[in-house]
Amino acid sequence: MSAELRITLAGAERVVAAGTTAGDALEADGRTVIAARVNGEARDLAHEVAEGDVVEPIEVSSDEGRAIVRHSTAHVMAQAVQELFPGAKLGIGPPVDNGFYYDFDVEQAFHPDDLKRVEKRMRDIVKQGQLFSRRAVSDDEAREELAGEPYKLELIGLKGGSLEEESVEVGAGQLTIYDNLDPKTGELCWKDLCRGPHVPSTRSIPAFKLMRSGGAYWRGSEKNPQLQRIYGTAWESRDKQDAYLKMLEEAEKRDHRKLGAELDLFSFPDELGSGLAVFHPKGGVIRRVMEDYSRRRHEEAGYEFVNTPHITKEKLYQVSGHLDWYRDGMFPPMELEGARYYLKPMNCPMHNLIFRARGRSYRELPLRLFEFGTVYRYEKSGVVHGLTRVRGLTQDDAHIYCTREEMRDELTSLLRFVLDLLRDYGLEDFYLELSTKDPEKFVGSDDAWEEATQTLREVAEAESLELVLDPGGAAFYGPKISVQVRDAIGRTWQMSTIQLDFNLPELFELEYQAADGTRKQPVMIHRALFGSIERFFGVMVEHYAGAFPPWLAPVQVAGIPIADAHIPYLQDVAKKLRERGIRVEVDTADDRMQKKIRNAQKSKVPFMLLAGDDDIANGAVSFRYRNGEQKNGVSVEEAIAEIVNAVERRVQV
RNA sequence: GCCGACGUAGCUCAAUCGGCAGAGCAUCUGUCUUGUAAACAGAAGGUCAGGGGUUCGAUUCCCCUCGUCGGCUCCA
């Protein structure tokens, strides 16, 4: 056998001794370079290279490197858990976005205090510097070694099954076990079935923290037993971790549930029931302005406004198929006069009735019906969440009926319309997601799907936005494009959806008379821009951290007198502002001026106008802006112009 | 729906190992009023989420319901 091997390292050929590890070849320290990519596959640094291998470093600060650190940290956590809770059986423990988790079958769910104990034990293990050592095993050997781990045994049994079942525990080929070894004695401390790779030593884990625990179904199915999952985060440095924790803190500060209460925007009275919001005056005015602007834009874009009731006899949802498909998501019916009535979960069937109310001509198409339609959905008790997941919501719902020939132009202008409008609300950073046909479950002809999907794709590509594919993700009745928005701190939210529907026109027997006198079926496009107003409202609160741009701010101007004597002067200024449509409040309370500023600041009013003797003498006011800056002695006319201008241009200040 | 944590004044949070429930802010009243984030004083505010049980006595212990939070599943 040859004592030398030829490998490619960082693009250059190198000759190394046989038995050289990837770590040796890369001169990896196990700190910055924590694993290797050998012929494209991620490997441990201890992996021995072979003739002709292409070896590249995996740095801890790359996505792949972080995932390896996180995966290794999950192992450390599992070891700590099994030491502290000897009966704990292992589920799976993969890296995920920003961290990792591990599932355990334990007698009793973890208490927050338990996490502290586990974390402490983990720190000891990390400090000890246990080595991750890979060992290939046969299926039978693995079964024998893991006889006490029923879930691992199940995974071994699944090996070679469908690709989807491939996991971090079990790859497609050879099974491997990772031993964690005491660095001094070489003694086995712990082991786990795992395909790897791992960092060389627990000391290569620079920063980690346990976050929370919760229940999780084994292999993601509610038919399976529930395990206890612990989530943690891990990073390539303490600084990166701190930055991440700070981002979470920032997100918490922006939480719309918290800000909604603080700013007196909305609440969820217990008396109403879970997931049913009431909007207070300050939230109500934001909502009204959001809706008004949307109405105006829709009107300009050729939409017609309709209104439909909140309840209906069951027949409608039998025809539409909703009772077949989504009965569990609907509130149960109420019986009256021998009929069953349902709260409506969707507006489209009612809009179809409007389309069908008389014969339709091709000349009327595209027919664009728009409604702020309130719907009720029985969301399961565990999922309601602030304004983003509610049981009563108002959709800015439009249904567009057009001919097959018109579909392309309609979708193009529709997507542009949607993006433009979202930009007007201050959302700038988008990507699109295209959900295509599930070959197992669909209605409509193949060529209709093909044409619609292709059209959506072209329309999306024409916007030169990032397009993410979601193969098989469409509903059975038609393909969908959705607009994903990144907010001010980089979180993504699914906002608008544009969905083609080949099913409802059929079920409702919708038709129009074409130019040649024949009757044809229109194409139907479902489209919501905000999705639900409640949810959009919540996203806006978080995006702006409650500091709405002036056009949306519930109170746009706070008038603050230096002393009571200046109140009439400010009230006069306020009157002039009101005449220009500005929402202004003069603070006449029995507080000192400093306190009034503090109150206005806390309520995130965009403009404070102060007036004292000096201002009055000059026919002026003094600005204080939200960021604390001030501009003194501005003439009343100029001040009004500045405020009106900011509102009209819908800018943030 | 499932697993877990939790529910005390409008808000944020104390206290009671089963024996008359407390603070700050907000509210109300009064006193005081001049330049960019909290004047002073007093008052009022609670069926300790709701219901049932154990007990001489329950905010405290047990059960149920409702609600909130964190996960899982679901999301037309």
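Chain A is the first sequence line, chain B the second, and so forth, proteins listed ahead of strands; every chain is numbered from 1.
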Distance in angstrom units between A:Lys380 NZ and B:G70 C1', rounded = 17 Å

Centroid-centroid distance, A:Phe100 to A:Tyr102, less than 6.0 Å | no

If you look at every strand shown and take non-hydrogen atoms under 4.0 Å, does A:Arg257 touch a base, only sugar-phosphate, or nothing?
-> sugar-phosphate

How close or far is atom P of B:C69 from atom CG of A:Asp255, stated in whole angstroms?
-> 8 Å

Between protein and nucleotides 44-48 of chain B, what N or O pairs are separated by less than 3.5 Å?
none

Using a cut-off of 4.0 Å on non-hydrogen atoms, how would the nucleic acid contact of A:Phe268 be classed: base, sugar-phosphate, or nothing?
-> nothing

For A:Tyr317, ring pair (Phe, Tyr, Trp, His ring centres under 6.0 Å) partners two or more places apart | A:His322

What integer number of Å spans the P atoms of B:U60 and B:C40?
-> 38 Å

For A:Arg598, enumerate each residue passing the side chain to side chain donor-acceptor pair (under 3.5 Å) test, keeping only those at least two apart in sequence or located in another chain.
-> none

Between A:Asp264 (CG) and B:U12 (P), how many Å, whole number?
-> 13 Å

Find every protein N or O atom lying less than 3.5 Å from an N or O atom of nucleotides 2-7 of chain B, and list the pairs.
{"from": "B:C2", "atom 1": "O2'", "to": "A:Gln226", "atom 2": "OE1", "distance (Å)": "2.6"}
{"from": "B:C2", "atom 1": "O2", "to": "A:Gln226", "atom 2": "NE2", "distance (Å)": "3.0"}
{"from": "B:C3", "atom 1": "O4'", "to": "A:Gln226", "atom 2": "OE1", "distance (Å)": "2.3"}
{"from": "B:C3", "atom 1": "O2'", "to": "A:Gln228", "atom 2": "NE2", "distance (Å)": "2.7"}
{"from": "B:C3", "atom 1": "O2", "to": "A:Gly215", "atom 2": "N", "distance (Å)": "3.4"}

Base-pairing string, 5' to 3', of RNA chain B - Watson-Crick or wobble, under 3.5 Å, | interstrand | (((((((..((((.....[..)))).(((((.......))))).....(((((..]....))))))))))))....

Any N/O donor-acceptor pair, A:Arg229 side-chain to B:C72 base, under 3.5 Å = no

How would you label the contact of A:Tyr101 with the nucleic acid (heavy atoms, under 4.0 Å): base, sugar-phosphate, or nothing?
-> nothing

Before accepting this row, confirm whether a basic side-chain N of the pair A:Glu262/A:Lys258 lies closer than 4.0 Å to the acidic partner's carboxylate O.
-> yes

Between A:Arg389 and A:Glu379, does at least one N-O distance fall below 4.0 Å, as a salt bridge requires?
-> yes

Find the distance A:Lys258:NZ to B:U12:P and express it as a whole number of Å.
-> 9 Å

Would you indicate what A:Phe476 reaches in the nucleic acid, counting non-hydrogen atoms under 4.0 angstrom: base, sugar-phosphate, or nothing?
-> nothing

A:Glu222 side chain to A:Tyr217 main-chain N or O, any donor-acceptor pair under 3.5 Å?
-> no

Rounded to whole angstrom, note down the P distance from B:C13 over to B:C3.
-> 28 Å

Donor-acceptor pair under 3.5 Å: do we get one between A:Arg389's side chain and the base of B:C74?
-> yes

Which residues pass the side chain to side chain donor-acceptor pair (under 3.5 Å) test with A:Asn627, sequence neighbours left out?
-> A:Glu629

For residues 264-282 of chain A, which residue pairs qualify under side-chain hydrogen bond (donor to acceptor under 3.5 Å, both in side chains), counting only residues two or more places apart or in two chains?
-> A:Asp264-A:His280, A:Ser267-A:His280

Is A:Lys246 salt-bridged to A:Glu250, going by a charged N under 4.0 Å from an acidic O?
-> no

Taking only side-chain nitrogens and oxygens of A:Tyr231, does any of them come within less than 4.0 Å of OP1 or OP2 of B:C72?
-> yes

Can you check the A:Leu387 CG to B:U68 C1' distance for me, whole Å?
-> 14 Å

Looking only at atom C1', what distance separates B:A44 and B:U27, rounded to whole Å?
-> 9 Å

To the nearest angstrom, the CD-C1' distance between A:Gln499 and B:A76 comes to 8 Å

Solution key, residues 564-572 of chain A side-chain donor-acceptor pairs under 3.5 Å, sequence neighbours excluded:
{"from": "A:His566", "atom 1": "ND1", "to": "A:Ala563", "atom 2": "N", "distance (Å)": "3.0"}
{"from": "A:His566", "atom 1": "ND1", "to": "A:Ala563", "atom 2": "O", "distance (Å)": "3.3"}
{"from": "A:His566", "atom 1": "NE2", "to": "A:Asp613", "atom 2": "N", "distance (Å)": "3.4"}
{"from": "A:His566", "atom 1": "NE2", "to": "A:Asp613", "atom 2": "OD1", "distance (Å)": "2.7"}
{"from": "A:Tyr569", "atom 1": "OH", "to": "A:Ala620", "atom 2": "N", "distance (Å)": "3.0"}
{"from": "A:Tyr569", "atom 1": "OH", "to": "A:Ala620", "atom 2": "O", "distance (Å)": "2.8"}
{"from": "A:Asp572", "atom 1": "OD2", "to": "A:Lys576", "atom 2": "NZ", "distance (Å)": "3.2"}

May I ask you to say whether A:Glu509 pairs ionically with A:Arg356, meaning some side-chain N is under 4.0 Å from a carboxylate O?
-> no

Under 4.0 angstrom, heavy atoms only, what part of the nucleic acid is A:His526 near: base, sugar-phosphate, or nothing?
-> nothing

C1' spacing across the pair B:A5 / B:U47, given as an integer number of angstrom | 26 Å

Can any side-chain N or O of A:Gln556 pair as donor or acceptor with the backbone N or O of A:Pro550 at less than 3.5 Å?
-> yes

Taken to the nearest whole Å, CH2/A:Trp325 to P/B:C75 is 12 Å

P-based separation of B:G51 from B:A14 [nearest Å] = 25 Å

Does the side chain of A:Asn347 come under 3.5 Å of the side chain of A:Gln395 through a donor N or O and an acceptor N or O?
-> yes

From the list B:C75, B:A76, B:G67, which nucleotide is the closest neighbour of the side chain of A:Ser274?
-> B:G67

Same-atom distance (P) from B:G70 to B:C62, integer angstrom = 25 Å

P-based separation of B:C17 from B:C2 [nearest Å] = 35 Å

When you check every protein heavy atom under 4.0 Å of nucleotides 31-41 of chain B, what one-letter string (B, S, -) results, 5' to 3'?
-> BBBBBBBBB--

Pairing residues for A:Tyr244 by the ring pair (Phe, Tyr, Trp, His ring centres under 6.0 Å) criterion, not counting sequence neighbours = A:Trp235

Check ring pair (Phe, Tyr, Trp, His ring centres under 6.0 Å) between A:Phe85 and all other residues, then give those that pass, not counting sequence neighbours.
-> A:Phe110

When you check the phosphate oxygens OP1 and OP2 of B:U68, does a side-chain N or O of A:His385 lie under 4.0 Å from one of them?
-> no

Hits for ring pair (Phe, Tyr, Trp, His ring centres under 6.0 Å) against A:Phe530, two or more places apart or cross-chain, chain-then-number order -> A:Tyr425, A:Phe536

Whole angstrom is fine here: how far is it from CG in A:Asn98 over to P in B:G71?
-> 13 Å

In whole angstrom, give me the gap between the P atoms of B:G7 and B:G18.
-> 16 Å

Closest to the A:Val384 side chain: B:U68, B:C74, B:A76?
-> B:U68

